[in-house]
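Order of appearance sets the numbers: ligands from 1, and atoms from 1 within every ligand.
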Amino acid sequence: MKRLISPASFAKKTACTLLAAWCVLVIRISPAAESAPPPQAAIASAHPLATAAGYDALRRGGNAFDAAVAVAAALAVVEPYSSGLGGGGFFLLHRAADGREVMVDGRETAPAAITREFYLDSEGHPIRGASTQGGKSAAIPGMPAALVHVAQRYGKLPLGASLAPAIRYAREGFEADPRYARIASLRERVLQNGVNTARVFLDSGRAPQAGFTLRQPELAVTLEQVARGGRDGFYTGRVARALVAAANAAGGAWQLADLERYQAVEREPVKFTYRGATITAAALPSAGGIALAQSLGMLEQFKLSGAGQPDTAHLVIEALRRAFQDRALYLGDSDLVPVPVARLVGGNYARQRAATINPAAATRSDDLEGDKQVRAESGNTTHLSVIDAEGNRVAATLSINWLFGSGIVAGDTGVLLNNEMDDFTLRPDVPNSYRLRGGVANAIAPGKRPLSSMTPAFVEDEKGVLILGAPGGSRIVSQVLLAILEYLRNPQVDLQRLLAMPRYHHQYWPDRVEVEPEGFSPGWRAAIEAKGHAIQVVNRKWGNMQVVFKSRQTGAAQAANDPRGSDVGWY
Ligand code: DON
């Protein structure tokens with residue numbers, strides 16, 4: 001299904017009360033839309049109704065920040081398995097008027113009463129499922145605070161106007177698409193056994209068929225409370241009490257004070273240059289921007305060809321190996337642990353690390369210098385990219401972690417709680433569900449934000465600006481890295497090509513190169529293996545990248561959606 005709607009075609013779209021797939025297709029192929037002047041604004045998101053909500057905000061006089069709030073809120077309704085009010089995320093903003101760049105950190109936080117022992121048995125072994133299911137898996141949500149913050153600090157519209165489409169989709173319902181049907185069926189058992197999830201997300205106890213109208217009237221009321229009361233509409237009062245009661249009834253240890261205390265935090269993004277391009281990306285508590293800066297810093301020391309060519313792929317893999325080792329060793333919530341960010345992203349360190357890369361042979365992760373102690377599936381997330389006519393931009397990656405998060409809908413709020421506690425490191429030798437290992441820097445602590453891989457990013461070069469990001473757990477970083485390399489290498493911008501290119505990934509541990517099925521020829525694999533890498537062809541393609549590009553020369557903006565969006569539903 002196509003998920004692009006140009007502003008020029010928006011008038012047509014409004015003729016459709018609820019945007020059905022055929023309607024989007026008609027808009028895409030109509031001659032009028034094709035001959036319209038190139039739009040200066042563009043939005044890419046994982047769902048056509050969410051994209052439409054963003055254009056609605058722009059049409060009402062809102063800016064990219066209002067549009068991002070509208071898209072994010074709508075995604076919470078129409079892609080409830082990926083993100084939502086019960087989750088969190090990062091909004092990377094660029095304000096055209098003064099060039100201000102900031103990351104609004106709406107990452108979830110660990111409740112104050114939580115300790116590592118909640119997840120370990122008396123012998124110190126991890127308790128199966130404790131960090132991924134039920135009340136202990138859920139962290140204090142950050143999404144509502146981030147939405148309110150972005151709207152109030154940076155938007156032009158009242159919050160209620162930006163939330164209106166989401167409220168409408170929740171109350172009136174939307175047509176479940178084949179993706180919803182497939183993901184609900186994949187998680188049918190969890191939804192049948194979860195708290196209130198069968199009632200909210202299933203059709204008479206079974207995964208709905210595509211075409212089923214999914215209504216979430218309770219979520220509509222909660223969104224209205226946020227629209228009216230701002231953050232207090234969620235973090236205090238009736239909704240807050242319902243959240244605490246639900247998390248605790250399912251084994252959690254939430255307190256009202258955890259919610260009252262929650263704040264979205266403004267952070268300075270990670271910003272660096274790579275071969276003349278300027279790259280801005282997520283800061284801690286996401287590891288993404290640092291990993292990008294480190295990988296590209298190492299790759300800058302080499303002459304590269306296309307990222308798909310085996311010799312270059314080998315270098316990319318080695319750079320990722322080193323960046324993910326550092327992630328495991330050093331990264332965590334910098335509000336609570338010291339993290340040597342400047343050193344890690346600095347040029348000297350990149351040169352030192354690059355010098356350990358052998359262009360002819362893989363370094364075994366076990367042999368890579370570092371603290372050996374720290375040698376150090378299944379999720380979903382969503383990304384949106386927006387630019388408006390003034391040049392304000394947003395890249396936001398949002399998540400409840402696994403598909404349908406912890407499987408707990410809190411009471412009558414319609415809010416599905418995340419299972420983001422699994423992104424903490426329980427023990428250095430215990431990987432999380434993305435097989436990521438870590439160290440003390442990412443150990444569980446009260447009020448701490450778990451380390452993330454979400455990597456919303458901007459790339460600026462002489463061609464223009466690219467806004468991108470993706471879901472995919474630890475594979476987010478390699479997806480964004482490959483897309484940046486591909487974008488910078490080509491004088492012509494071809495977003496579809498950028499998105500379609502096959503993906504590979506390495507994350508230090510496990511020590512293997514994961515590759516998408518069908519993407520790589522036997523010759524490619526043989527060349528990589530000849531350098532000493534183990535290759536694992538995984539079952540499914542991964543990611544659902546959303547990109548927007550605005551040309552410096554023409555001012556024209558375009559959006560594109562990952563072709564995988566319609567088939568993947570699992571990390
Ligand atoms: O913050 C993180 O890194 C993860 N919770 C993101 C999860 C994710 O991307 C799953 N997606 N398919």
Going by distance only, is there an N or O of [X] that falls short of 3.5 Å from an N or O of ligand 1?
X: Leu451; result: no
X: Gly473; result: yes
X: Tyr434; result: no

* With a 6.0 Å cut-off on ring centres, are His505 and Phe324 close enough? ->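 His505 vs Phe324: aromatic centres under 6.0 Å.
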* Asked: Backbone, side chain, both or neither: what part of Arg475 comes under 4.0 angstrom of ligand 1, heavy atoms only?
  ->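 No part of Arg475 is near ligand 1 at this cut-off.
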* **Contact partition for Asp423 relative to ligand 1, non-hydrogen atoms under 4.0 Å** =>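 Under 4.0 Å from ligand 1, Asp423 contributes side-chain atoms alone.
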May I ask you to say whether [X] pairs ionically with [Y], meaning some side-chain N is under 4.0 Å from a carboxylate O?
X: Arg503; Y: Asp562; answer: yes
X: Asp333; Y: Arg107; answer: no
X: Asp335; Y: Arg267; answer: yes

Per-atom contacts of ligand 1 with [X], taking only distances under 4.0 Å to non-hydrogen atoms:
X: Ser453; answer: 1 (O), 2 (C), 3 (O)
X: Arg107; answer: 1 (O)
X: Ile476; answer: 9 (O)
X: Glu420; answer: 1 (O), 4 (C), 5 (N)

* Please lay out, stage by stage, how Tyr274 and Leu485 fare under the test side-chain contact (heavy atoms from CB on, under 4.5 Å). => CA-CA 10 Å; Tyr274 172 75; Leu485 289 170; 3.5 Å; yes
* Any donor-acceptor N or O pair under 3.5 Å, side chains Ser453, Ser474 ->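 The criterion, which ignores hydrogens and geometry beyond distance, is not satisfied for Ser474 and Ser453.
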* Please say whether the positively charged group of Arg327, taken as NZ for Lys or CZ for Arg, lies over the ring of Tyr508, i.e. under 6.0 angstrom from the six-membered ring centre and within 45 degrees of the axis. =>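 Judged by the rule (NZ or CZ under 6.0 Å from the ring centre, within 45° of its axis), Arg327 is not positioned above Tyr508.
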